[in-house]
Protein chains: 2
Amino acid sequence: MSTTLRPAGETRAGDVLARMRSDIISCALKPGTKLRFETLKELYEVSFSTLREALSRLVAEGLVVAEGQRGFLVAPVSLFDLNDLTDVRVLIERQCIRLAIDRGDDRWEADIMANFHRMDRLQSRLGASYYLSDDWAALHGAFHFSLVVACGSPNLLEIRQKLFERAHRYRRMSSQFRPQWRAKDVEHKMIMDRVIARDTATAQDLVERHIRETTENVIAHASHLFAQGGDSFGRRDPVAAE
Amino acid sequence: MSTTLRPAGETRAGDVLARMRSDIISCALKPGTKLRFETLKELYEVSFSTLREALSRLVAEGLVVAEGQRGFLVAPVSLFDLNDLTDVRVLIERQCIRLAIDRGDDRWEADIMANFHRMDRLQSRLGASYYLSDDWAALHGAFHFSLVVACGSPNLLEIRQKLFERAHRYRRMSSQFRPQWRAKDVEHKMIMDRVIARDTATAQDLVERHIRETTENVIAHASHLFAQGGDSFGRRDPVAAE
DNA sequence: AGGTTTGATTATTTCGAAAATCCGCAGTAA
DNA sequence: TTACTGCGGATTTTCGAAATAATCAAACCT
């Protein structure tokens, strides 16, 4: 499971939260799985209350759903959710990019290049199967984050981060079946170039295409996974007020 | 405090969650307040673990912040946060309106009119101080929700709802100092008319103005409250990655 | 035979005590 | 005086058992 071995720093519940989040995103805990307390207690070596706290927070992040008095389960995946998620991500990411280009300074530009370089180097070191690596995924996430960090909006960044993580779960679902990923590195370089050139419109369009094409790839390679669950696939009730 | 007395239906933690959320939004629990467990245990008549679960969820909703191993406190307010919140709300709400107008059907239109009517009637019944009423606030929330419910995006609606609640806290902060609110009902009617007429551009602009003017009113009447806390006011560190 | 109620089993939810951690203060040394 | 260190009290965090609710199946009634 998760290889995070940092007992210090924060609370134990916070540690379990981070590990569970990682395990859900990486699909070590599969979508739709019932989360039984006894099982989890063994897996993460903590007690009921601590688990409950971690689960509660994951519910609010949308990675776990709570069913009345019938426990928790890993948030199911569906074609509908993936498409909806993609549309919302495009909206948020375009705004982030726009603001970041408006407000970013030299230090921001340098940070982007540094992050790209690290991602790029690891990519060539890992070869064709880089997309399976959790380390690469972390650097990939850091690169995309560095592009928008200068937007200056904590709220926007927080929303973006949660959506990014949920989307990562879908990417991860499909990656184990995908023989080879397309040349994302070229796209990343183009996005970086347009962002640093402060070419807002083009940068936004490139990022939107980047997101949408990834979603299309996921659907092409992993859509058969959505049907297996039985429930929660296809169109959801659109009047799902909270 | 909260007058919600429905012990049945959901779990006790869910009940406490709802009551605390209500109390924070209505400023019965003031921004920046330290949330001591002993105090809360008396207030809500539950035990540590149950409180902890409710608090954890509120953290993820942005209404409470957790400080390492030093407990929880009601999320502080600040001019910076209010402005940021407003900008993000405008982005989200404009998109919701656009999609709802695209996708809404007759039933949706009827629902909007019904909600407006209920809000409008209560408003005239309450007279000049309607903005102090929690009941009116609930109907006001329901009206705005009905405008966008047809957007068909669960993710968008969920984000919108959380932002709306956080904004409501700011509205509430200022309402106790505001001698009289401007004629919001006229604005609401105009928004409804343009939405039902499927006049997307105008409806979006009206909603944006509605949100921004409310924020300006809050700042005009309650900005002095932001300074009292001492910390967390004015510009925040823009590189506040999570 | 089909459907419903009852009761045993399993899982979740809640509780309050015990362990771990933090904060303030006094005492000491530089 | 200022900075560092160790103790006492208060608060948070964690734990596992007890209470509560849901599930499943067998027996019962229609």
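Chain identifiers are assigned alphabetically (A, B, ...) following the order of the sequence lines, protein sequences preceding nucleic acid strands; residue numbering begins at 1 within each chain.
Contact between the side-chain N/O atoms of Arg12(A) and the OP1/OP2 oxygens of dC15(D) is found at a separation under 4.0 Å. For dT21(C), the OP1/OP2 oxygens have no side-chain nitrogen or oxygen of Arg70(B) closer than 4.0 Å.
Place Glu67(B) and Lys41(A) on DNA chain D by their nearest nucleotides, and Glu67(B) ends up nearer the 5' end.
When rounded to the nearest whole Å, the span between CD of Glu53(B) and P of dG16(C) equals 17 Å. Nucleotide dT20(D) holds its C1' atom 14 Å from the CZ atom of Phe37(A), rounded to whole Å. With rounding to whole Å, Arg52(B) atom CZ is found 18 Å from dT13(C) atom P. The CG-P distance, from Leu51(B) to dT14(D), rounds to 15 Å in whole Å. As a whole-Å value, the separation of Leu40(B) CG from dT12(D) C1' is 12 Å. A straight line from CG of Leu55(A) to P of dA11(C) spans 16 Å, rounded to a whole angstrom. Note: CZ (Arg57(B)) to P (dT13(C)) measures 9 Å, nearest angstrom. If you measure from atom CG of Leu17(A) to atom C1' of dT13(D), you get 15 Å, rounded to the nearest angstrom.
When the options Glu67(B), Arg52(B), Lys34(B) are evaluated for a side chain to side chain contact (heavy atoms under 4.5 Å, CB included) with Phe72(B), the one that passes is Arg52(B). Each of Thr214(A), Asp81(A), Thr86(A) was evaluated against Tyr170(A); a single residue qualifies, Asp81(A), per the side chain to side chain donor-acceptor pair (under 3.5 Å) test.
Among the heavy atoms of the strands lying under 4.0 Å from Arg36(A) are primed sugar atoms or P, OP1, OP2 only; no base atom is included. Among the heavy atoms of the strands lying under 4.0 Å from Lys34(B) are primed sugar atoms or P, OP1, OP2 only; no base atom is included. Among the atoms of the strands shown, only primed sugar atoms or phosphate atoms (P, OP1, OP2) are found under 4.0 Å from some heavy atom of Leu35(B).
The aromatic rings of His168(B) and Phe164(B) sit parallel, their planes meeting at an angle under 30°, below the 60° perpendicular limit. The aromatic rings of His140(A) and Trp136(A) lie parallel to each other, their planes meeting at an angle below 30°, with 60° marking the opposite boundary.
Considering only the side chain of Ser49(A), dC15(D) comes nearest among dT12(C), dT14(D), dC15(D). For Phe48(A), whose side chain is taken as the heavy atoms from C-beta onward, the closest listed nucleotide among dT14(C), dC15(C), dT13(D) is dT14(C). The listed nucleotides are dT13(C), dT13(D), dG16(C); the one nearest the side chain of Ser47(B) is dG16(C). With dT12(C), dT14(D), dC15(C) as the candidates, the nucleotide lying closest to the side chain of Thr50(B) is dC15(C). The side chain of Gln69(B) lies closest to dT21(C), out of dT21(C), dT14(C), dG16(D).
In this structure, Lys41(B) satisfies the cation-pi test against Phe48(B), with its NZ or CZ atom closer than 6.0 Å to the six-membered ring centre and inside 45 degrees of the ring normal.
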